[in-house]
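For ligands, and for the atoms within them, numbers begin at 1 and follow the listed sequence. These figures come from a predicted structure and were not determined experimentally.
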Amino acid sequence: AFVVLDNCIKCKYTDCVEVCPVDCFYEGPNFLVIHPDECIDCALCEPECPAGAILSEDELSEDQQIFVELNAELAEVWPNITEQKDPLPDAADWDGVENKIEHLEK
Ligand code: SF4
Ligand code: F3S
């Protein structure tokens, strides 16, 4: 499956949801996740994210591994999102900030 990573947090551009053929994105207050059992590995979303926050689980570095479990866990509790919306207000300022996981709201 593909996985949403740290840099989505506090940006949430949502371009990704527009291209997903199986609508497997789920939305929290300041982050999106992909449901691992629903993702068909089409790879369409990866280049759509302006923040570069989506990768295949096969491509993750060691410190990105925690996002595999986080996507799976939160996709079970957050609502589905299928249409693009405005990014969060300070998205441009937060793009590229390190350790945004500290700011994740569940
Ligand atoms: Fe959806 Fe394809 Fe991205 Fe999986 S890889 S989340 S199926 S767009
Ligand atoms: Fe997040 Fe990128 Fe989608 S910032 S909402 S993964 S387009």
Side-chain angles (χ1 to χ4, degrees):
F2 278 63
V3 179
V4 186
L5 303 167
D6 189 83
N7 204 33
C8 175
I9 297 167
K10 289 184 86 70
C11 290
K12 206 166 78 167
Y13 284 109
T14 71
D15 302 63
C16 53
V17 306
E18 281 291 320
V19 299
C20 181
V22 295
D23 292 340
C24 65
F25 282 90
Y26 293 80
E27 182 186 21
N30 64 8
F31 186 50
L32 252 59
V33 292
I34 294 168
H35 197 306
D37 299 337
E38 297 173 1
C39 175
I40 57 170
D41 289 317
C42 72
L44 288 175
C45 57
E46 181 179 340
E48 291 302 315
C49 176
I54 303 176
L55 281 178
S56 166
E57 63 183 330
D58 304 329
E59 302 170 314
L60 304 184
S61 64
E62 190 108 326
D63 58 346
Q64 289 172 325
Q65 293 294 333
I66 50 163
F67 286 91
V68 174
E69 185 55 36
L70 201 55
N71 274 243
E73 170 195 326
L74 296 172
E76 292 290 343
V77 292
W78 282 350
N80 193 227
I81 173 172
T82 58
E83 286 178 15
Q84 186 167 10
K85 55 167 74 171
D86 288 340
L88 291 174
D90 300 325
D93 294 333
W94 281 97
D95 189 356
V97 173
E98 289 185 15
N99 291 320
K100 287 202 276 181
I101 193 161
E102 296 169 9
H103 303 281
L104 175 63
E105 295 172 37
K106 295 188 189 175

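Counting heavy atoms closer than 4.0 Å to ligand 2, residue Asn7 contributes nothing at all. Within the 4.0 Å heavy-atom criterion, the part of Cys24 lying near ligand 1 is the side chain and not the backbone. Contacts between Cys45 and ligand 2 below 4.0 angstrom, taking non-hydrogen atoms only, are absent altogether.
Rounded to the nearest 0.5 angstrom, Ile34 CD1 and Ile54 CD1 are separated by 5.0 Å. Considering CG of Asp41 and CD of Glu46, their distance stands at 11.0 Å, rounded to 0.5 Å.
Of all atoms in ligand 1, listed by their number and element, those nearer than 4.0 Å to a heavy atom of Cys42 are 2 (Fe), 5 (S), 7 (S), 8 (S). Against a heavy-atom cut-off of under 4.0 Å, Cys39 is close to the following atoms of ligand 1: 4 (Fe), 5 (S), 6 (S), 7 (S). Of all atoms in ligand 1, numbered sequentially from 1 with element shown, those under 4.0 Å from a heavy atom of Ile34 are 6 (S). For ligand 2, the atoms lying closer than 4.0 Å to a non-hydrogen atom of Asp15 are 7 (S). Interface of Val22 with ligand 1, defined as ligand atoms under 4.0 Å from a residue heavy atom, comprises 7 (S). Of all atoms in ligand 1, numbered sequentially from 1 with element shown, those under 4.0 Å from a heavy atom of Ala43 are 2 (Fe), 5 (S). Of all atoms in ligand 1, numbered sequentially from 1 with element shown, those under 4.0 Å from a heavy atom of Phe25 are 6 (S).
Using 4.0 Å as the threshold, Glu48 has no heavy atom nearer than that to any atom of ligand 2. Taking 4.0 Å as the cut-off, Pro87 does not count as a neighbour of ligand 2 on heavy-atom distance.
Defined by atom type and a distance below 3.5 Å, a donor-acceptor pair is missing between the side-chain atoms of Asn99 and Asp6.
Looking at heavy atoms from C-beta onward, Leu32 lies out of side-chain contact with Tyr26 at the 4.5 angstrom threshold. Residues Glu76 and His35 meet the side-chain proximity criterion, which asks for heavy atoms closer than 4.5 Å.
With hydrogens and angles disregarded, no donor-acceptor distance shorter than 3.5 Å links the side chain of Asn7 to the backbone of Gly52. With Lys10 contributing its side chain and Trp94 its backbone, the two residues share no donor-acceptor pair below 3.5 Å.
In this structure, the protein non-hydrogen atom closest to atom 5 (S) of ligand 2 is Thr14 N, 3.2 Å. In terms of protein heavy-atom proximity, atom 3 (Fe) of ligand 2 is closest to Cys16 SG, 2.3 Å. For atom 2 (Fe) of ligand 2, the closest heavy atom belonging to the protein is Cys49 SG, 2.3 Å. In terms of protein heavy-atom proximity, atom 4 (S) of ligand 2 is nearest to Tyr13 N, 3.5 Å. Atom 1 (Fe) of ligand 2 has Cys8 SG, 2.3 Å as its closest protein atom, hydrogens excluded (heavy atom only).
Using a 4.5 Å cut-off between side-chain heavy atoms of Ile, Leu, Val, Met, Phe, Trp and Tyr, with links allowed through other members, Phe31 and Leu88 fall into different hydrophobic clusters.
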